[in-house]
Amino acid sequence: MPALLGEWRNGAGSLAERLAHAIEYAIGRNELLEGWLLPSERNLATVLDISRSTTVRGMELLAERGVVRRVQGAGTYVAGLPKGPTRTAMPPGLRAKYRLGTATDPGIAYATPPSPADLPAAALTLTAADLLDVHQNGAGSGYAIAGLDIARTAIAETLSRCGLPATPEALLVTTGATQSLSLVFEMLLTPGDVVIVDSPSYPTTLDLLRRTGVRIVPVRTGDAMVGTDAVVRMARKTQAKMVVVMATCNVATGRSMTDAQQAALAQLAQSGVLVVDDRTLADYHPAPTALGALTDHRNVITVGSFNKIYWGGLRIGWVRPHRSLVEALVRVKSRADAGSSVPSQILLTKLLPHHDAIVAHRRAEVERRTLLSSAFIRDELPDWRIEGAGIGPSQWIRLPVRDTAEFVGFAYERGTTVGYGGMYRSDGRPSAHLRVTLTSDDHHIMTALQNLRDAWSAFPAGRGRRRR
């Protein structure tokens, strides 16, 4: 139970109110299911190290909201969430930015694609001879749905060298991880299927799943409060069709699963559940093992992208399905396009020999910015707490509020857009987190943090803020 509730003591209201909110959130994430028996008030007080009166009052609040059902002599049972959960609305202009991905300034709400200026200049060349060579070696029409042979070979070699065994025949070239996931979901999911996702997760991944008409069940994994045992347990309890995870470098927290946790997911795949591993940000984390390296099972599919580590304009990603699924996936992709950009694939083959150096440079950039940001938050915003791993191109920050939506809107009205934590949840529940990206230049990042500090100082205590 303590793992499910996480850092529940932080937030607004009395300790009992915060306990009630935490239990309600766990129910909203489907980590506590309707009909489950909750621990007794005495046992809960013991494991949480609080008074029994606090747990009694917390359960009374939940009962008043209709979230739990108290049965005399039998215990307290989960009744489900009340209809129409409330959440503070963000300003329409801010919602539009989230919906459309509008560029923001300062740029800390969205990841700014790396600049091509940092890439090896000698590799950024495209000549007539390059195009003619491709033309003469099997891609004369320019249409290669699965990708150019030279690109698939180069990607396979790079992935294998980085710890994910791959062959050209079992790789598809896409425009990025978003298209890769879209193809996989279209091919393998049907409306009504249950899909487990780690939480927090990419908003685009959640949107793709919603369009498919599946039931999304989030399980907290990226913040290391709940491990993959919860994913496996929930997948079996809900008879899930698929699990979608970022086993290496979670989009918000930067955390990665251990080898043992990934092995548990591999076993889950072998038991019949599809497991999709999104390695979009894996290059930012020197993890020793990839999930796809643990098993060659048909149910394990890996996707990735070079856009986050090379340059967004490259528009190249990949899917590594089991070889038995390649032909079917190619058919699905043929309905989307006739193949990724030939010039981009040629450029990729010239960049991949420099992969290690490019990755080292990008990692060094975000590591330095992480130190700058962490020092600023520690000194200037002492009641904010960084909960991420300190790895990857973002920071996951908890504020002493029940929901950061109102503060995000407050800061937006003052000229700074920051990532609202609720966008990385699938259940529509409030979030006490912000996501700050670290891929803009140093000046933009520090200016944005200074603006957030000023906004926080002006944010009224009566608008959800809990002052110390």
Side chains of Val217 and Val197: closer than 4.5 Å at any heavy-atom pair? no
Atom CG of Leu268 and atom CZ of Arg236: how far apart are they, to the nearest 0.5 Å? 6.0 Å
Determine the minimum heavy-atom distance between Gly421 and Thr404, stating which atoms define it. N-OG1, 4.2 Å
With side-chain hydrogen bond (donor to acceptor under 3.5 Å, both in side chains) as the test, would you mind laying out the steps for Gln261 and Asp229 before giving the verdict? CA-CA 8 Å; Gln261 289 174 325; Asp229 56 334; over 6 Å; no
Would you compute the distance between atom OH of Tyr424 and atom OG of Ser394 and round it to the nearest 0.5 angstrom? 7.5 Å
What do the steps show when you test Leu274 against Val243 for side-chain contact (heavy atoms from CB on, under 4.5 Å), and what is the final call? CA-CA 6 Å; Leu274 294 161; Val243 170; over 6 Å; no
Does the pair Leu438 and Ile445 meet the rule for a side-chain contact (heavy atoms from CB on, under 4.5 Å), with working shown? CA-CA 7 Å; Leu438 303 172; Ile445 292 171; 4.3 Å; yes
Does any N or O in the side chain of Gln262 come within less than 3.5 Å of the main-chain N or O of Thr289, such that one atom is a donor and the other an acceptor? yes
Non-hydrogen atoms of Leu188 and Lys241 that approach each other most closely: O-NZ, 2.8 Å
Here the pair of heavy atoms bringing Pro200 nearest to Met246 is O-CE, 3.7 Å
When you look at Thr54 and Ser51, which way does the side-chain hydrogen bond (donor to acceptor under 3.5 Å, both in side chains) test go after all the steps? CA-CA 5 Å; Thr54 297; Ser51 68; 2.8 Å; yes
Within the 4.5 Å heavy-atom criterion, are Val214 and Val194 side-chain neighbours or not? no
Side-chain donor-acceptor pair present, Asp403, Tyr420, cut-off under 3.5 Å: yes
Run the salt bridge (Lys or Arg N to Asp or Glu O under 4.0 Å) test on Glu387 and Arg385 for me, step by step, so that the C-alpha distance in whole Å, both residues' side-chain angles and the decisive distance to 0.1 Å come before the verdict. CA-CA 6 Å; Glu387 291 191 342; Arg385 188 170 73 254; 2.8 Å; yes
Might you work through the side-chain hydrogen bond (donor to acceptor under 3.5 Å, both in side chains) test for Ser431 and Arg425, ending with a clear yes or no? CA-CA 8 Å; Ser431 172; Arg425 301 178 58 131; 5.1 Å; no
Using 30° and 60° as the class boundaries, would you call the ring planes of His433 and Trp396 parallel, tilted or perpendicular? parallel
Main-chain N/O of Leu208 paired to Thr212 side chain as donor or acceptor, under 3.5 Å: yes
Are more than 12 heavy atoms from other residues, nucleotides or ligands located less than 6.0 Å from atom CD of Glu64? yes
Between atom CD1 of Ile155 and atom NE2 of His355, what is the distance when rounded to the nearest 0.5 Å? 11.0 Å
Assess whether side-chain contact (heavy atoms from CB on, under 4.5 Å) is satisfied between Lys237 and Leu33, documenting all intermediate values. CA-CA 10 Å; Lys237 182 175 290 290; Leu33 298 181; 3.1 Å; yes
Kindly give the heavy-atom pair with the smallest separation between Arg52 and Thr55, and that separation in Å. O-OG1, 2.7 Å
Min side-chain heavy-atom separation Met446-Phe376 under 4.5 Å: yes
Quick one: does Leu48's side chain get under 4.5 Å of Leu19's, heavy atoms only? yes
In plain terms, say whether Glu367 and Arg369 are close enough for a salt bridge, that is, a side-chain N and a carboxylate O under 4.0 Å apart. no
Would you find a donor on one side and an acceptor on the other, under 3.5 Å apart, between the side chain of Thr46 and the backbone of Arg42? yes
Full working for salt bridge (Lys or Arg N to Asp or Glu O under 4.0 Å) between Arg211 and Glu186: CA-CA 10 Å; Arg211 292 177 198 171; Glu186 181 181 348; over 6 Å; no
Would you check, one step at a time, whether the test side-chain contact (heavy atoms from CB on, under 4.5 Å) holds for Tyr202 with Asp207? CA-CA 9 Å; Tyr202 262 115; Asp207 286 343; over 6 Å; no
Which pair of non-hydrogen atoms, one from Gly163 and one from Ala293, has the smallest distance, and what is that distance? O-CB, 3.4 Å
Check: Val408 and Val418 side chains under 4.5 Å, non-hydrogen atoms: yes
dist Leu351:CG -> Leu124:CG (nearest 0.5 Å) comes out at 5.5 Å
Gln395 and Ser374: which non-hydrogen atoms are nearest, and at how many Å? NE2-OG, 2.8 Å
Working to the nearest 0.5 Å, report the span between NE2 of His21 and CG of Leu62. 9.5 Å
Would you check if there is a donor-acceptor pair between the side chains of Thr280 and Ser305 at a distance under 3.5 Å? no
Side-chain (Gln179) to main-chain (Gly317) donor-acceptor, under 3.5 angstrom: no
Any side-chain heavy atom of Asp442 within less than 4.5 Å of one from Leu372? yes
Do the numbers put Arg414 on top of the ring of Phe410, so that NZ or CZ is under 6.0 Å from the six-membered ring centre and no more than 45° off the axis? yes
Side chains of Arg70 and Glu41 in contact at under 4.5 Å (non-hydrogen atoms): yes
So does Lys308 get a backbone contact from the side chain of Tyr284, meaning a donor-acceptor N/O pair under 3.5 Å? yes
Under 3.5 Å: donor-acceptor pair, side chain of Thr447, backbone of His443: yes
Could you check, using the six-membered ring where one of them is a Trp, whether Trp36 and Tyr77 have ring centers closer than 6.0 angstrom? no
Results of side-chain hydrogen bond (donor to acceptor under 3.5 Å, both in side chains) for Thr76 - residues two or more places apart only: none
Does any N or O in the side chain of Asp277 come within less than 3.5 Å of the main-chain N or O of Ala290, such that one atom is a donor and the other an acceptor? no
Side chain to side chain contact (heavy atoms under 4.5 Å, CB included) partner of Trp318, chosen from Thr158, Val173, Leu159, Leu348: Leu159
Quick one: does any side-chain atom of Thr238 pair with a main-chain N or O of Met234 as donor and acceptor, under 3.5 Å? yes
Is the shortest side-chain N to carboxylate O distance from Arg362 to Asp118 below 4.0 Å? yes
Separation between CG of Leu314 and OG1 of Thr175, rounded to the nearest 0.5 Å: 11.0 Å
Stepwise side-chain hydrogen bond (donor to acceptor under 3.5 Å, both in side chains) test for Ser40 and Asn43: CA-CA 5 Å; Ser40 69; Asn43 288 342; 3.2 Å; yes
Indicate yes or no for a side-chain donor-acceptor contact from Thr370 to the backbone of Val366 under 3.5 Å, with no hydrogens or angles considered. yes
Within the structure provided, determine whether Thr302 and Arg279 are in side-chain contact (heavy-atom separation under 4.5 Å). yes
Using 4.0 Å as the upper bound for N to carboxylate O, is an ion pair formed by Asp356 and Arg161? yes
